[in-house]
Amino acid sequence: MTETKTAPMMVNAFDPANANGLSAAEQSILERRARMLGSAYRLFYRRPVHFVRGEGVWLYDADGEAYLDVYNNVASVGHCHPHVVAALSRQAATLNTHTRYLDESILNYSERLLTTMPDEIGRVMFTCTGSESNDLAFRIAQTVTGGEGIVVTETAYHGVTNAVSAFSPSLGPGVPLGGHVRTVAPPDHYRFGGNAGAKFAESVGAAFADLKRHGIKPAAIYCDTIFSSDGVFAEPAGFLRDVVEATHAAGALFVADEVQAGFGRTGAGMWGFARHGVVPDIVTTGKPMGNGHPIGGVFAKADIIDAFGRSARYFNTFGGNPVSCEVGMAVLDVIENEKLIDNARDVGGYLKAGLEALATSVPAIGDVRGSGLFIGVELVKPHSDKVPDAELASRIVNDLRDRRILISATGPHANVLKVRPPLVFGKGECDILLGALTELLAG
Ligand SMILES: Cc1ncc(COP(=O)(O)O)c(C=O)c1O
């Protein structure tokens, strides 16, 4: 093993120092990863998992054992969904080019996507990842505002490019924030109570004021509208309204990062921002858009995109190619045909109620929160003043993995269980998770 350090900045990371208990085959894969991929890559879990096949909400390891996926939002409409796979294969066997030729796949897809957006959002540009979407959104915001100041939440994650990692504090102190970046506490209603939204909006206003005091003109705030890396904050719906107002008052743009909350995840419509009744200036998307195929997008008000287009040209070789667009279209078909937004609401509600019921007999469960099929379960030291219990969260995540149930943890203290299954999750699968959690936490 050449990788000797643990992974301090990633929640639920495998520690290579624990490789001894693994099989010879697993150790060989670790050795090849370390030798060829280097030390920046991380694996999940005390004991990593090696999957060879996926179907719906199930992943299968090399021995054919099934694992219940309660974590992956990339294969959002289910692993290897046949309708999506068929669309991909069909278009890949027909033609794949790029946006410098006339093509209708991109237009049909754009038309359909834009009908899911508020009327004010009239344009879409395509990328391949959420990071690229956020990077492009930053360029657009800089062009439109003439500023560069960015506000994000304290443990936000928005991506890996040089520009975006500079406003992704969850990457840890080894990845410095830019001098043009200010962070604000997330709207943590568990700790701040009913005032959390107002306090959040106030902090955003103060952060923009601080940028100005330092001679930095504001460009944008980026909000992951479910605050996934900050610990999952969804309630009360509507609290983003004051944030948008504070942002506009500062002359900046409101960017809704929908990489996590978008495409029906919250069970309250297609988009996380819509749940809050706000119209963003820019919306960025990624992961769930292609159910595993790399496609992302930047949506914005027409005047914003047009102002950018007057000063820059845009060509992204793979962004918006016909195969990606047919895949994206098929994902939208599945969301619609299988009523996955309703499913996220109903099954998510069932799961949340089950977790809340469990919380009544488990003092370590401090809070159960979220919307639709994105639920956070905050674990705290029992009978303490909400002291985070990261050790317990890590134990539960890994004990569940040993029972072949996949979740992870999130938040600044890594003490919030992150429950975020594919949207085709059912009540029977909720019962499997609830049964295991009951045994582990209340047993
Ligand atoms: C909120 C959010 N924004 C952006 C990204 C970056 O997306 P990608 O990994 O596709 O670049 C992520 C990835 O986890 C994310 O969670």
Side-chain angles (χ1 to χ4, degrees), residues 9-13 40-42 44 71-76 125-141 150-172 175 181 183 186-187 220-234 240 254-266 271-273 275-276 280 282-299 316 318-320 324 327-328 331 370-374 376 407-412 414 416 418-422:
M9 286 323 301
M10 194 185 96
V11 177
N12 184 29
Y41 283 89
R42 303 285 186 266
F44 273 154
Y71 179 75
N72 285 293
N73 62 338
V74 178
S76 192
M125 296 171 75
F126 291 97
T127 67
C128 306
T129 67
S131 300
E132 269 191 338
S133 299
N134 283 327
D135 191 279
L136 177 60
F138 185 33
R139 289 180 62 205
I140 294 170
I150 294 286
V151 175
V152 291
T153 46
E154 277 168 356
T155 316
Y157 180 67
H158 295 291
V160 293
T161 70
N162 191 32
V164 177
S165 59
F167 57 86
S168 290
S170 79
L171 290 170
V175 181
V181 176
T183 63
I221 180 170
Y222 279 70
C223 264
D224 161 358
T225 57
I226 190 80
F227 298 88
S228 52
S229 50
D230 282 290
V232 189
F233 299 110
L240 285 181
F254 182 86
V255 181
D257 180 334
E258 292 285 330
V259 170
Q260 294 284 340
F263 293 92
R265 169 72 39 195
T266 66
W271 306 111
F273 66 78
R275 216 183 131 254
H276 285 280
I282 302 180
V283 179
T284 58
T285 62
K287 295 187 215 272
M289 199 169 180
N291 208 46
H293 184 82
I295 179 163
V298 175
F299 301 77
N316 184 325
F318 301 117
S324 298
V327 166
V331 170
S371 179
L373 279 171
F374 203 138
I407 67 163
S408 191
T410 185
V416 180
K418 183 153 79 168
V419 177
R420 189 195 50 187

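Each ligand, and each atom within it, is numbered from 1 in the order the structure gives. This structure is a prediction, so every number in the text was calculated from the model and none was measured. When reading the values below, keep in mind they use all heavy atoms of this one structure, side chains included, and skip hydrogens, waters and symmetry mates.
For the residue pair Thr284/Asn134, the side-chain donor-acceptor check at 3.5 Å is satisfied. At a cut-off of 3.5 Å, with distance as the only test, a side-chain donor of Glu258 or Thr225 sits close to an acceptor on the other residue.
In terms of protein heavy-atom proximity, atom 10 (O) of ligand 1 is closest to Gly130 N, 2.9 Å. Looking only at heavy atoms of the protein, atom 3 (N) of ligand 1 is closest to Asp257 OD2, 2.7 Å. Closest protein heavy atom to atom 11 (O) of ligand 1: Ser131 OG, 2.5 Å. Counting protein heavy atoms only, atom 4 (C) of ligand 1 is closest to His158 O, 3.3 Å.
Contact annotation: the side chain of Phe233 never approaches that of Thr153 to less than 4.5 Å [non-hydrogen atoms, C-beta and beyond]. Using a 4.5 Å heavy-atom threshold, the side chains of Val259 and Ser133 count as separate.
Interface atoms of ligand 1 facing Lys287, defined by a heavy-atom separation under 4.0 Å, are 13 (C), 14 (O). For ligand 1, the atoms closer than 4.0 angstrom to any heavy atom of Tyr157 are 1 (C), 2 (C), 3 (N), 5 (C), 6 (C), 12 (C), 13 (C), 14 (O), 15 (C). Listed by number with element, the atoms of ligand 1 under 4.0 angstrom from any heavy atom of Thr129 are 10 (O), 11 (O). Near Asn134, meaning under 4.0 Å from one of its heavy atoms, ligand 1 places the atoms 3 (N), 4 (C). Residue Gln260 approaches ligand 1 through these ligand atoms, each under 4.0 Å from one of its heavy atoms: 1 (C), 14 (O), 15 (C), 16 (O).
Thr266 places no side-chain N or O within 3.5 Å of a backbone atom of Gly372 that could act as its donor or acceptor partner.
Taking the six-membered ring for Trp, Phe138 and Phe167 have ring centres closer than 6.0 Å.
Heavy atoms only, all atoms of each residue included: Gln260 and Ser228 are closest at CG-OG, 3.2 Å.
Counting only non-hydrogen atoms, the option in Ile295, Val259, Asp135, Ile226 that gets closest to atom 15 (C) of ligand 1 is Val259.
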